[in-house]
Amino acid sequence: MTATPTAIRKPPAPRRHTVLDSPYGPLTLVATDGVLAGLYMTEQRHRPPEETFGVPDPEPFAETVRQLDAYFAGDLTMFDLPLRLDGTPFQRAVWAELRQIPYGETRSYGELAERLGKPGASRAVGLANGRNPVGIIVPCHRVVGATGGLTGYGGGLERKRRLLDFERGEPSGAPALF
């Protein structure tokens with residue numbers, strides 16, 4: 001009789017989180033193994049349960065907080081942070097494409113699908129966009145409908161409008177607590 005090998009399960013990676021006040025409401029930052037893996041807004045669609053965020057610990061987030069503060073002050077237009085984006089290969093491709101959208105500009109779901117070489121996949125792009133685990137830094141708010149209108153946003157359409165207005169320098173997007 002031979003023994004059947006059992007699968008060895010790796011323990012889950014250590015997770016830490018902190019909550020940052022922002023002009024658009026509290027942001028929960030989540031790190032896995034010390035690398036930013038989540039930025040979640042209050043009442044965000046697809047927000048993981050709080051118990052998955054790990055223990056409170058602001059230490060892994062010093063550079064993220066510095067860059068977010070600079071962004072909200074209008075002094076930073078592109079984030080330069082290591083990220084751990086867990087998702088399907090298609091989701092990760094969409095999220096990588098989101099990072100190519102310049103500050104203050106927008107792209108449609110269809111344009112992103114074309115850039116990915118999948119011109120008929122605008123709906124799939126929208127679904128992947130909605131699952132972005134690191135909003136603002138991976139700028140899913142810069143994606144609009146085919147006619148340029150605001151469509152779905154995990155953080156709510158009002159927040160999306162204010163972020164876009166802020167990046168365009170319009171007064172309605174001026175930072176103020178949400």
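Just so we're clear, the structure is a prediction, and the values are computed from it rather than from any experiment. For the single chain, residues carry numbers from 1 onward in sequence order.
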Name each donor-acceptor pair under 3.5 Å that joins a side chain in residues 28-36 to protein atoms two or more places apart or in another chain, with its distance.
residue	atom	partner	partner atom	Å
T28	OG1	R47	NH2	3.2
T32	OG1	R15	NH1	2.8

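- Side chain of E111 to main chain of S108: a donor-acceptor pair is present (N/O by atom type, distance under 3.5 Å, no hydrogens or angles).
- Aromatic rings from Y103 and F79 are positioned such that their centres are separated by 6.0 Å or more.
- Expressed to the nearest 0.5 Å, how far NE2 of H141 lies from CE of M41 amounts to 8.0 Å.
- Contact check for D165 versus R168: side-chain heavy atoms found under the 4.5 Å cut-off.
- No continuous path of ILVMFWY side-chain contacts below 4.5 Å connects L27 to F53, so the two sit in separate hydrophobic clusters.
- Ring geometry for Y71 against F166 counts as perpendicular: the plane angle is over 60°, on a 0 to 90° scale with 30° as the lower cut.
- Atom CG of L68 sits about 10.0 Å away from atom CD of E63, to the nearest 0.5 Å.
- Interatomic distance, OG of S22 versus CD1 of I136, reported as 5.5 Å (0.5 Å rounding).
- L127 and L112 are members of different hydrophobic clusters when ILVMFWY side chains are connected at heavy-atom separations under 4.5 Å.
- The shortest non-hydrogen separation linking C140 to N132 is SG-ND2, 3.2 Å.
- P56 has its side chain out of reach of R16: every pair of non-hydrogen atoms, C-beta onward, lies at least 4.5 Å apart.
- Q100 places no side-chain N or O within 3.5 Å of a backbone atom of E97 that could act as its donor or acceptor partner.
- Cluster membership for Y40 and Y24, using ILVMFWY side-chain heavy atoms within less than 4.5 angstrom, is not shared.
- When side chains are defined from C-beta on, T106 does not count as touching V143, because their heavy atoms never get closer than 4.5 Å.
- To the nearest 0.5 angstrom, R161 atom CZ is 4.0 Å from E158 atom CD.
- By the side-chain hydrogen bond (donor to acceptor under 3.5 Å, both in side chains) test, R107 is found to be paired with E105, residues two or more places apart in sequence or in another chain being considered.
- Exactly one of L83, V134, V138 qualifies for a side-chain contact (heavy atoms from CB on, under 4.5 Å) with W95. That residue is V138.
- The closest side-chain heavy-atom distance from P133 to L85 is below 4.5 Å.
- F90 approaches A124 most closely through the heavy-atom pair CE2-O, 3.6 Å.
- Cluster membership for L157 and L163, using ILVMFWY side-chain heavy atoms within less than 4.5 angstrom, is shared.
- Distance CD/Q67 to CD1/I137: 7.5 Å, rounded to 0.5 Å.
- Here CG of L81 is found 4.5 Å from OG1 of T64. Values are rounded to the nearest 0.5 Å.
- In the displayed structure, R92 atom CZ is contacted under 6.0 Å by more than 12 heavy atoms of other residues, nucleotides or ligands.
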